[in-house]
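As structure tokens, the structure follows; a few thoughts come after it.
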Amino acid sequence: MNVKSLIAERIELAIYSVTGQHSSADIQLSTKSEHGDYQANGIMRIAKALKIKPRELAEQVIAQTEYGDIVESLVVAGPGFINIELKNSFFSELLEKGNLIKKREKTKTVVIDYSSPNLAKEMHVGHLRSTIIGDAIARILDCLGYNVIRQNHVGDWGTQFGMLIENMEHENFSSENLADLETFYRSSKKKFDEDPEFAQQARARVVSLQSGDQLTRNQWLRFINISLSHCREIYERLGVSLSDEDLAPESSYNALLPTVIEALNKRGLLEESEGAQCVFLEEFTSSEGDRQPLIVRKSDGGYLYATTDLAAILHRENLGADRIIYITDARQKLHFKQVFAVAKQAGFAKKIEQMNHFSTGAMLASNGRPFKTREGGTIRLSDLLNEAEQRALNLLKSKGSELTETEQNDLAKAIGIGAVKYADLSKNRNSDYIFDWDNMLALNGNTAPYMQYAYARIQSIFRQAEVQPDSLSGKINPVAQSERALCKELIRFQEVLDQVAAEGFPHYLCVYLYNLSSLFSKFYEELTILDADKEKQASRLLICERTGSVLKLGLSLLGITVLERM
RNA sequence: GCACCUGUAGCUCAGUUGGAUUAGAGCACCGGUCUACGAAACCGGGGGCCGUAGGUUCGAAUCCUACCAGGUGCGCCA
């Protein structure tokens, strides 16, 4: 249940009955405990528009609000805030019932495009952000009851593949001895850049590939399959929910491309410029009259990624999308802005209500420079993940774990991978972020291990008490400040998920889970659970259970596994 | 040249769309709390001209303008 929306509804109804207008009450979480649990900030804005005194309006709104079941008190404060204190019984009952997440009834279809690696080479660190952030958003939308269609728009078409297939012939490579894709890509690229004759043959390959030459196509398929199996392995290790069914490769849009051009032409959007077919839109014209083109067909007749992306929007429309989301590097911002605008103009997205490009910043090394190997090359994702697991294992050993060797290895995987993912997810996706092993593996602060620890501690309580957490039931009565604070945070879960779903910022969920873990630690330090009297013990065990469930579900939505002990 | 993004504590980051005399976390630094429901934790302390300068209003880290610094993109790569 979204508590914030519930409160907003009540207060907005009262605002309507006082003013006759529908206005946002602007409900926010109170920043200070003296100001209650939530606060309504909208009164001052409304009063200003109506030219009445804010405090008087606030009084009238309070008098009209129906709140007996959820709110303890509504108080006018400062220049016209309404401070809202929730009834303990309200959140106790909510928590006793336990179902904190309410799925949508009228479902919407959301098509989400993420990861989308280039199959010409192995996945590298540059693919991490889109993959992880996209997966979290997809899972959250899923959990909220949206009909989610994942699209992995892998790059499997174009010059690079001509180059690779040609080189497979030259080097006499078969799929069996192509284990190291990255090296093969580099040597092919080198040859392509240095040997004009080879480059020519490579381009000819592209033509025969795209015209359906059987031999070339077979080679291409073999190559794609090797590359895909690398991806599957990475997704498996990362715990990413993408499967083969979500593949929507560039090549699959090939047949649609002439249709796209034709449709643009029919709409009168096409214009030839310097031999290329372009779309010029008003909104991409500067004040000096410089026009920014979206090139959809090259002068040699070839199509570009803009054409493919337009075709992909047509495809999404056919999938019944109400909303489409793309998660890519921020460098593609202008590109998607243009593609969305052209798609709208061309009538490719008549039924799509929302088109979101959620862009991500870059991953940087601790010196603030791009994150590369010492030689200046890209870092393979598999190497990065190996290092994460190794570092987590070292950490476990240094803590003198009592667990067996195999248990430690399993833990190291969960901790290492979780730390890498969480480090990425917990930052605002817009900004570049500095990749730092020590920060992400720290056992304190806004890190995955800190939350995994909080969860493990909760499970330990249940083991100590010899109870099955899922069998717990009864009354919750938060008497102490620290348990009330924890309960109040627990009922915010849906509110936070709704916000991530709307805005595409998983770090809101991270901040929330961190805050929750931290409130749990305070609660745990301050109050006895097992030694408390029967009633308090039952209540507190149930609070522990709800905290554990929210942590487990919350982390799993981020694609991070919890640990029973660590 | 034009456009977009970023600038918050020594470091890494939040700041819920303009909210409350005192801008928050973690690391690092200083100090405190275990004969133990997991100290991998908790509590306290110092540390800030929110890049700079104006403006908008009851109220600005948040909005507007100019400037400074860093990054990125902009006609036939994706």
Side-chain angles (χ1 to χ4, degrees), chain A residues 4 26 28-32 34-35 39 41 44-45 48 54 77-81 83 116 118 120 155 157-160 250 273-278 284 286-288 290-300 302 304-306 308-309 329-335 337-338 359 361-362 364 366 368 370 395-396 399 401 423 426-428 430-434 436 438-440 442-447 449-450 452-454 456-465 495-496 499 503 505 507-508 510-512 514-515 518 521-522 524-532 537 540 544 565-566:
Chain A
K4 195 198 227 173
D26 193 6
Q28 304 284 337
L29 204 64
S30 296
T31 41
K32 290 184 178 170
E34 309 96 83
H35 299 146
Q39 59 186 55
N41 296 343
M44 288 164 285
R45 196 194 59 251
K48 193 178 181 179
F81 296 99
N83 290 343
S116 308
N118 186 340
W157 213 229
T159 318
Q160 297 179 46
E250 272 184 313
S273 170
E274 295 172 35
Q277 296 294 321
C278 306
F284 297 100
S286 78
S287 48
E288 274 98 60
D290 292 330
R291 302 192 308 161
Q292 172 92 49
L294 183 71
I295 304 179
V296 291
R297 191 162 197 191
K298 299 194 279 186
S299 49
D300 68 3
L304 295 107
Y305 78 133
T308 313
D309 278 333
D329 191 271
R331 283 176 296 193
Q332 296 192 43
K333 235 178 177 163
L334 179 60
H335 167 74
K337 213 174 159 191
Q338 288 184 294
S359 64
L364 305 175
S366 53
L395 193 72
L396 276 173
K399 296 285 176 193
S401 173
S426 61
K427 274 139 202 130
N428 187 317
N430 273 327
S431 41
D432 296 347
Y433 87 95
I434 295 188
D436 184 309
D438 294 333
N439 278 355
M440 72 180 73
L443 301 152
N444 232 319
N446 191 7
T447 66
Y450 177 80
Q452 286 167 324
Y453 174 67
R457 254 172 150 190
I458 293 172
Q459 302 319 303
S460 169
I461 297 167
F462 298 142
R463 284 193 294 271
Q464 205 80 31
E495 175 190 316
V496 174
Q499 203 182 349
E503 297 172 40
F505 286 111
H507 79 279
Y508 291 161
C510 296
V511 169
Y512 168 76
Y514 172 53
N515 209 4
S518 160
S521 290
K522 280 172 196 155
Y524 179 88
E525 291 290 328
E526 198 180 296
L527 304 169
T528 56
I529 299 165
L530 299 179
D531 287 342
Q537 189 197 82
R540 286 173 187 168
C544 286
R565 51 182 100 220
M566 62 191 284

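Sequence lines set the chain letters: A, B, ... in the order given, protein chains first and strands last, and positions in each chain run from 1. Only a predicted model underlies this, so the values are computations on that prediction, with no experimental measurement involved.
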Integer angstrom distance from the C1' of B:G15 to that of B:C50: 11 Å
Distance below 4.0 Å between A:H507 side-chain N/O and B:U16 OP1 or OP2: no
A:L29 CG - B:U16 P separation (whole Å): 12 Å
Helical stems, RNA chain B - three or more consecutive Watson-Crick or G-U wobble pairs below 3.5 Å: B:1-7 with B:68-74, B:10-13 with B:24-27, B:29-33 with B:41-45, B:51-55 with B:63-67
Interatomic distance, A:K48 NZ vs B:G19 P [rounded to whole Å]: 14 Å
Touch class at under 4.0 angstrom, heavy-atom based, for A:D309 against every strand present: nothing
A:Y450 side chain near A:N446 side chain, heavy-atom distance below 4.5 Å: no
Pairwise C1' distance for B:A78 and B:C13, with rounding to whole Å: 32 Å
Length of the CG-C1' vector between A:D438 and B:A40, whole Å: 15 Å
Separation of the C1' atoms in B:U56 and B:G10, to the nearest angstrom: 36 Å
Main-chain N/O of A:P293 paired with A:Q338 side-chain donor or acceptor, under 3.5 Å: yes
Sugar-phosphate, base or nothing in reach of A:K337, heavy atoms under 4.0 Å: nothing
Span that lies between the C1' atom of B:G51 and that of B:A28, in whole angstrom: 24 Å
Separation of atom CG in A:N41 from atom P in B:U57, rounded to whole Å: 20 Å
Any A:K427 side-chain nitrogen or oxygen under 4.0 Å from OP1 or OP2 of B:U12: no
Side chains of A:N83 and A:Q39 in contact at under 4.5 Å (non-hydrogen atoms): yes
Flag side-chain contact, heavy atom, 4.5 Å: A:V511 against A:S426: no
Whole angstrom value for the distance that separates P of B:C13 from CZ of A:F505: 16 Å
Side-chain touch A:L530/A:I461, heavy atoms, less than 4.5 angstrom: yes
Separation of A:S518 OG from A:N444 CG (nearest 0.5 Å): 9.5 Å
Residue A:K333, side-chain atoms from C-beta onward, closest of B:C42, B:C4, B:A20: B:C4
Chi-based syn or anti call at B:C43, which uses purine or pyrimidine torsion atoms and a 90° bound: anti
Whether over 12 other heavy atoms sit under 6.0 Å from A:R331 CZ: no
Whether A:S30 side chain and A:H35 backbone form a donor-acceptor pair below 3.5 Å: yes
Euclidean distance for C1', B:U8 against B:A60 (whole angstrom): 14 Å
A:T31 vs B:A20: side-chain N/O to OP1/OP2 distance below 4.0 Å: yes
Touch class at under 4.0 angstrom, heavy-atom based, for A:A77 against every strand present: base
Interatomic distance, A:F284 CZ vs B:C4 C1' [rounded to whole Å]: 12 Å
Pairwise P distance, B:U12 and B:G7 [rounded to whole Å]: 13 Å
P spacing across the pair B:U62 / B:C49, given as an integer number of angstrom: 16 Å
Nearest-angstrom distance, P atom, B:G24 to B:G45: 12 Å
Touch class at under 4.0 angstrom, heavy-atom based, for A:F81 against every strand present: base
Contact pattern, 5' to 3', of nucleotides 23-38 of chain B - B, S or - by protein heavy atom under 4.0 Å: --SSS---------BB
Min side-chain heavy-atom separation A:E495-A:Q499 under 4.5 Å: no
Sub-4.5 Å side-chain heavy-atom contact between A:Q464 and A:I529: no
Plane angle bin for A:F505 and A:Y508 - parallel if under 30°, tilted between 30 and 60°, otherwise perpendicular: tilted
Interatomic distance, A:E34 CD vs B:U22 C1' [rounded to whole Å]: 11 Å
Test log, rule salt bridge (Lys or Arg N to Asp or Glu O under 4.0 Å), inputs A:R457 and A:E525: CA-CA 12 Å; A:R457 254 172 150 190; A:E525 291 290 328; 3.4 Å; yes
Whole angstrom value for the distance that separates P of B:G44 from NZ of A:K522: 8 Å
A:F284 side chain reached by A:L294 side chain, heavy atoms, under 4.5 Å: no
Sugar-phosphate, base or nothing in reach of A:E503, heavy atoms under 4.0 Å: base
CG on A:L527 to NZ on A:K522, rounded to 0.5 Å: 13.0 Å
Contact pattern, 5' to 3', of nucleotides 71-78 of chain B - B, S or - by protein heavy atom under 4.0 Å: -SSSBBSB
